[in-house]
Visitor: 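One structure coming up, written as structure tokens, with questions to follow.
Quick note: numbers below take in every heavy atom, side chains included, and nothing from hydrogens, waters or symmetry partners. In the text below, chain A, chain B and the rest are named by the order of the sequence lines, each starting its count at 1. Here the structure is a predicted model, which means the values were calculated and not measured.
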Amino acid sequence: MPELPEVETTLRGIAPCLEGHAIAAMVVRNSSLRWPVPAAVSRAEGQVVSACRRRAKYLLIEIAEAGGGLLLHLGMSGSLRICDADDAPRKHDHVDIVMDSGLCVRFNDPRRFGALLWWDGNPEAHELLRDLGPEPLSNDFSGEHLWRLSRGRKGAVKSFIMDGHVVVGVGNIYASEALFMSGILPSRAAGRVSAARHEALAAAIRDVLAHAIRRGGTTLRDFVNAEGNPGYFAQELLVYEREGNACFQCGTPIRRKVIGQRSSYFCPRCQR
DNA sequence: ACTGGATCCTGACTGC
DNA sequence: TGCAGTCAGGATCCAG
């Protein structure tokens with residue numbers, strides 16, 4: 001479920017509850033997430049959260065006093081919500097970060113593809129983070145970057161922009177949207193997209209992600225922010241899950257095609 | 001170095 | 001109603 005805008009929305013929701021406050025307890029009801037939740041997460045107990053950040057789709061809850069912090073990934077079906085620590089847990093509420101304030105940040109994840117780990121020292125050096133590409137909303141990301149990395153690549157440009165080593169945070173929804181916005185067929189070989197079109201693609205990725213963040217993310221089925229509310233970008237999707245509906249630009253029916261085992265949506269007339 | 005495929009897991013939905 | 005099959009927003013790992 002969550003792509004970069006949804007993770008960013010979640011971060012902005014939980015940060016005020018965490019930053020500057022002490023963690024009273026880490027309650028792990030079910031430790032079998034993508035990787036087992038390590039006992040080390042209890043090192044957060046009794047410590048003040050110094051900062052909350054995001055890198056790619058990972059949430060970093062930094063605890064300077066402990067020389068490390070919590071690393072959280074929402075996977076495909078995870079969400080974080082703020083509630084009272086004594087609210088009864090619901091199905092799939094696997095972990096609570098209980099705060100001194102009496103509030104708690106509760107991690108729910110039906111499919112358990114999410115992760116909660118502990119990092120020591122510099123989080124950027126963590127094995128899950130160290131080989132990641134640039135943030136799409138940073139100055140390190142550009143059309144020139146995409147063009148350079150794509151030379152000689154025969155795989156579909158859609159799979160290319162979803163590869164976290166190329167650029168982070170572009171998931172299945174926004175990949176289809178950005179390719180439509182820049183007029184590029186998702187199945188086209190990445191290495192056969194011109195420099196000018198990579199420039200347009202980079203701009204589209206930036207625009208669609210920034211706009212989705214302003215709308216509080218995309219709720220297709222079950223995404224909710226930290227307050228339990230949905231995001232409002234779904235109503236603005238141009239091609240995603242619009243198979244058979246008229247293209248907003250030319251009226252041609254939107255098509256669906258599986259690329260890299262993921263559904264891809266595109267206009268066969270507007271995209272080349 | 002790159003690419004495609006399998007895989008982890010539950011729930012919602014479809015068609016018989 | 002029930003049941004089998006399909007699909008889902010991620011990303012790692014492995015074989016070739």
Visitor: Using the 3.5 Å cut-off, write out each protein N or O paired with an N or O of nucleotides 14-16 of chain C and the distance between them.
Guide:
none

Visitor: Inspect the surroundings of CH2 in A/W118 and state if more than 12 heavy atoms from other residues, nucleotides or ligands are less than 6.0 Å away.
Guide: yes
Visitor: Respond yes when some side-chain nitrogen or oxygen of A/H73 is under 4.0 Å from OP1 or OP2 of C/dG10, and no when none is.
Guide: no
Visitor: So with a 6.0 Å cut-off around CG of A/N139, is the heavy-atom count from everything else above 12?
Guide: no
Visitor: Please identify the 5'-most and 3'-most nucleotides of DNA chain B with any atom under 4.0 angstrom from a heavy atom of chain A.
Guide: B/dC2 to B/dG11
Visitor: Just to be sure I understand: a Watson-Crick pair is purine N1 to pyrimidine N3 plus N6-O4 or O6-N4, both under 3.5 Å. Using that and G-U wobbles, which stems of three or more pairs involve DNA chain B?
Guide: B:2-8 with C:10-16, B:10-16 with C:2-8
Visitor: Send over the distance from A/E127 CD to C/dT12 C1', rounded to a whole Å.
Guide: 11 Å
Visitor: Check every atom of C/dT12, C/dA8, C/dG9 against the side chain of A/N172 and return the nucleotide holding the closest atom.
Guide: C/dG9
Visitor: Over how many whole Å does the gap from A/H165 atom NE2 to C/dG10 atom P extend?
Guide: 15 Å
Visitor: With sequence neighbours excluded, tell me which residues meet salt bridge (charged side-chain N to carboxylate O under 4.0 Å, His left out) with A/E124.
Guide: A/R55
Visitor: Quick check on A/R148: does its CZ atom have over 12 non-hydrogen neighbours (other residues, nucleotides or ligands) under 6.0 Å away?
Guide: yes
Visitor: Whole-Å distance between C/dA8 P and A/Y174 OH?
Guide: 17 Å
Visitor: Please collect all side-chain hydrogen bond (donor to acceptor under 3.5 Å, both in side chains) contacts where either partner lies in residues 188-208 of chain A, sequence neighbours excluded, each pair once.
Guide: A/S150-A/H198
Visitor: Going by salt bridge (charged side-chain N to carboxylate O under 4.0 Å, His left out), name the residues that satisfy it together with A/R34, two or more places apart in sequence or in a different chain.
Guide: none
Visitor: Measure CG/A/L129 against P/C/dA11 and give the value in whole Å, please.
Guide: 11 Å
Visitor: Rounding to an integer number of Å, can you tell me how far A/L4 CG sits from C/dG10 P?
Guide: 11 Å
Visitor: Residues two or more places apart in sequence or in another chain: which of them pass side-chain hydrogen bond (donor to acceptor under 3.5 Å, both in side chains) with A/H21?
Guide: none
Visitor: In terms of side-chain geometry, is the basic nitrogen of A/K57 or A/E3 positioned less than 4.0 Å from the acidic oxygen of its partner?
Guide: no
Visitor: Side-chain donor-acceptor pair under 3.5 Å between A/D109 and A/S77, yes or no?
Guide: yes
Visitor: Quick one: list whatever passes side-chain hydrogen bond (donor to acceptor under 3.5 Å, both in side chains) with A/N172, sequence neighbours left out.
Guide: A/K158
Visitor: Rounded to the nearest angstrom, tell me the gap between atom CG in A/D163 and atom P in C/dG10.
Guide: 13 Å
Visitor: Side chains of A/Y174 and A/L4: does their closest heavy-atom pair fall under 4.5 Å?
Guide: no
Visitor: Could you tell me how far apart A/Q261 (CD) and C/dA8 (P) are, to the nearest whole angstrom?
Guide: 11 Å
Visitor: For A/I259 and C/dG9, what is the distance between atoms CD1 and P respectively, to the nearest whole Å?
Guide: 13 Å
Visitor: Does the pair A/D120/A/R43 count as a salt bridge with the N-to-O cut at 4.0 Å?
Guide: yes
Visitor: Is it the case that over 12 heavy atoms from other parts of the model lie below 6.0 angstrom from the CZ atom of A/R90?
Guide: no
Visitor: Taking only distance into account, with no hydrogens and no angle test, what donor-acceptor pairs under 3.5 Å do side-chain atoms of residues 176-184 of chain A form with protein atoms, sequence neighbours excluded?
Guide:
residue : atom : partner : partner atom : Å
A/S176  : OG   : A/Y265  : N            : 3.2
A/E177  : OE1  : A/L238  : N            : 2.6
A/E177  : OE2  : A/L238  : N            : 3.4
A/E177  : OE2  : A/V239  : N            : 3.0
A/E177  : OE2  : A/Y240  : N            : 2.9
A/S182  : OG   : A/A178  : O            : 2.7

Visitor: Kindly say if A/Y240 contacts the phosphate of C/dG9, meaning a side-chain N or O under 4.0 Å from OP1 or OP2.
Guide: yes
Visitor: Taking salt bridge (charged side-chain N to carboxylate O under 4.0 Å, His left out) as the definition, give me every residue that meets it alongside A/R12, ordered by chain and number, with sequence neighbours left out.
Guide: A/E8
Visitor: Return the residues of residues 148-162 of chain A meeting this criterion: a heavy atom under 4.0 Å from some atom of DNA chain B. Order them by number, or give none.
Guide: A/R153, A/K154, A/G155
Visitor: Is any NZ, NE, NH1 or NH2 atom of the basic residue among A/D93 and A/R81 found under 4.0 Å from an Asp or Glu carboxylate oxygen of the other?
Guide: no
Visitor: Using heavy atoms and a sub-4.0 Å distance, could you list which residues of residues 111-120 of chain A are near DNA chain C? By number, please.
Guide: A/R111, A/F113
